[in-house]
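Computed from a prediction, not measured in an experiment: that's the story for all the values here.
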Amino acid sequence: MPLRYSAFILSVIGLLISVPLAFWAPGFLLLGVVALALVVLGLWDILQRRHTVSRNYPILAHVRYFLESIGPEIRQYFIQSDTDERPFSREQRTIVYQRAKNVLDKRPFGSQLDMAGEGFEWMDHSIRPLDIKDSDFRITIGAGREKPYSASVFNISAMSFGSLSANAILSLNEGAKTGGFYHDTGEGSISRYHREPGGDLVWEIGSGYFGCRNEDGSFSEEKFVENATLDQVKMIELKLSQGAKPGHGGILPGAKVTPEIAEARGVPVGEDVVSPPRHSAFSTPLELLEFVDRLRELSGGKPVGFKLAIGHPWEWFAIVKAMLETGRHPDFIVVDGGEGGTGAAPLEFINRLGMPLIEALLLVHNSLVGANLREHIAIGAAGKITSAFNIARILALGADWCNAARGYMFALGCIQALNCHTGRCPSGVATQDGVRSSKLDVADKSVRVANFHRNTMDALANLLGAAGLKHPSELGPEHIVRRVSKTTVHSYMDLYPFLEPGVLVSGGETHHSVFDKYWDDARADSFDPPSFIIKLRETKIH
């Protein structure tokens, strides 16, 4: 017999020996039961036809399957260094845990980062630092509207009830209320768990129009008004796409549509719920802006904006041209980077679809500056933000505030087990398993959420003070420096192109290839590609 059958053969021998010996010594009965179980497993392996490895290596193959199943944990805890970011490093997670628990977050003996390595970034400091007493940094969104909102520069990004547990939502909203920052509902709409604590909400509306939909899935003005006029809802965010899976809809199986989820989303209990990949309420840039204006009117003058991940640049340019043509514009835009995370998405969408945050933010900021629209539209940004330096570098590139999802999940106790899509989240955060989620203590975790926000803002204040700045709004590309080689460093100001104000409307030179190639051909009345792109799609001869 081949050696690969050794485990099965030894199990058979063990069974044959243990059975007669059990009559003389009852202790051998346990050995017999174990041997019998292994023999049955081995026979199953040999007779089944789905797994070739199991047929060739009966019993032994299961050792391989077990080791493979705990591979992520082995790498995370024993192999990866503290600075390996996959998707978040141990150092990044630890700083969140420490700030959430309000414990010492200092480090001894110097940096573990390779400061001579390509891509290393730092913030320039001043010889005249300031002592900032108040770290409650805020910006006004929707200035000039009937109900402008004073937002923190660091808030909870979109995560729906359904992807997160009830106790996780309760903890996040209670923490937001305590800390004075907002909680984005995610496209799953406003659940009872968002409303119970009373923290500020940004209501995100996706293509499924959950919370404001008719039975056929179309947008319902009447139901929108019911939610949008709640005092707790401070802003309305229309989700065009998200960085984790741009251009992708989804189906929530009926088995997961519990009465609570159905109540929040306005759908039947136990029936499949479809989120289309695109909106049905509008189909052109002009119609998008009309819809944004309509939502603002229906909400009673609250700030209304949209969130998007940047893909085809001409589609974004078309929206900007529609703003110029009509004089209509959103109050804010949230730029979602391609490095965003979600409970589950196809691998290609996670790794290879959607523009990363820095490039996307620069394109949006430059477009609005070049079109003389930047002063009228606030910009938020989201994508792997867990520390004060993360916030500072994004604000330096043009954002007014930042959102974080996974950072606040770590504050809740997430251990990056990468089980979000299975329902078996060990920390009770990303699951609808009532037993698992019930172990998440709302009173404790809500305090940690507030602590993480406050301590991160204190750290940002310390960074700003060291740079001689008083408020995050003073941050600019001149403050952040990146090493591009062993012997060369550049500030963001020199590293990235920035458009002059009004250059897109004056017809001046942009010195930016993307604008030079696509801006002139973008149309306010259509998301269609330029004619030269259409021609390229018709042939492989380019």
Side-chain angles (χ1 to χ4, degrees), residues 121 124 139 141 143 240-241 243 285 288-289 305-338 354-383 391-402 469 472-482 484 490-524 527 529-530 532-533:
E121 294 181 338
D124 283 340
I139 63 152
I141 305 173
L240 305 184
S241 56
L288 164 62
L289 296 183
F306 54 78
K307 178 177 83 172
L308 82 166
I310 298 295
H312 296 313
W314 60 80
E315 295 178 346
W316 159 244
F317 292 163
I319 297 174
V320 178
K321 284 196 169 182
M323 296 181 201
L324 292 172
E325 184 174 307
T326 63
R328 294 172 166 164
H329 60 79
D331 298 304
F332 66 90
I333 296 170
V334 175
V335 182
D336 213 23
M355 194 178 293
L357 178 57
I358 286 181
E359 289 74 16
L361 173 60
L362 281 169
L363 189 67
V364 170
H365 174 70
N366 272 326
S367 302
L368 297 180
V369 169
N372 283 332
L373 292 167
R374 183 62 181 88
E375 292 184 353
H376 306 292
I377 302 172
I379 297 179
I391 296 172
R393 66 194 288 268
I394 296 304
L395 298 188
L397 285 169
D400 294 299
W401 84 92
C402 293
L469 306 176
S473 61
E474 297 178 327
L475 280 164
E478 70 276 13
H479 293 113
I480 309 296
V481 184
R482 176 184 294 174
V484 295
H490 288 301
S491 72
Y492 278 3
M493 174 177 283
D494 298 322
L495 191 60
Y496 296 110
F498 289 89
L499 266 57
E500 293 294 326
V503 69
L504 294 177
V505 292
S506 68
E509 293 291 330
T510 66
H511 306 291
H512 193 301
S513 60
V514 175
F515 288 95
D516 292 343
K517 184 174 291 186
Y518 300 114
W519 174 258
D520 287 342
D521 289 326
R523 295 167 45 194
F527 286 114
F532 77 92
I533 293 292

Side chains of [X] and [Y], heavy atoms from C-beta outward: is any pair under 4.5 Å?
| X | Y | value |
| --- | --- | --- |
| R374 | V369 | yes |
| F515 | L363 | yes |
| H365 | L397 | no |
| D336 | L308 | no |
| Y492 | I358 | yes |
| R393 | R482 | yes |
| D400 | I141 | no |
| D521 | F532 | yes |

If you look at every heavy atom in [X] and [Y], which pair is closest and at what distance?
| X | Y | result |
| --- | --- | --- |
| A396 | I480 | CB-CG1, 3.7 Å |
| G502 | N372 | N-OD1, 3.1 Å |
| S491 | P477 | CB-O, 3.9 Å |
| I394 | A381 | CG2-CB, 3.5 Å |
| P472 | L395 | CB-CD1, 3.4 Å |
| A360 | I310 | CB-CG1, 3.8 Å |

Under 6.0 Å from the CD atom of E478, do we count more than 12 heavy atoms belonging to anything else shown?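 More than 12 within 6.0 Å, yes.
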
From [X] atom [atom1] to [Y] atom [atom2], the distance as rounded to the nearest 0.5 Å:
| X | Y | atom1 | atom2 | result |
| --- | --- | --- | --- | --- |
| H490 | E121 | NE2 | CD | 13.0 Å |
| F332 | I377 | CZ | CD1 | 11.5 Å |
| M323 | H376 | CE | NE2 | 11.5 Å |

Please list all pairs meeting side chain to side chain donor-acceptor pair (under 3.5 Å) that have one or both residues in residues 320-333, counting only residues at least two apart or in different chains.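 Only R145-D331, D293-R328, R296-D331 qualify under side chain to side chain donor-acceptor pair (under 3.5 Å).
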
Would you please name every residue forming a side chain to side chain donor-acceptor pair (under 3.5 Å) with [X], sequence neighbours left out?
| X | result |
| --- | --- |
| H512 | none |
| R523 | D525 |
| T510 | D516 |

Set of residues satisfying salt bridge (charged side-chain N to carboxylate O under 4.0 Å, His left out) with respect to E359, sequence neighbours excluded: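 Checked E359 against salt bridge (charged side-chain N to carboxylate O under 4.0 Å, His left out); zero matches.
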
Could you list the donor-acceptor pairs under 3.5 angstrom formed between side-chain atoms of residues 313-320 and any protein atom two or more places apart in sequence or on another chain?
unit_1	atom_1	unit_2	atom_2	d
W316	NE1	S367	OG	2.8

Hey, which of L499, L368, L373 is the one that makes side-chain contact (heavy atoms from CB on, under 4.5 Å) with L504?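 The option that passes is L499.
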
Tell me whether N366 contacts the main-chain N or O of L362 through its side chain, where contact means a donor paired with an acceptor under 3.5 Å.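 At least one qualifying donor-acceptor pair exists.
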
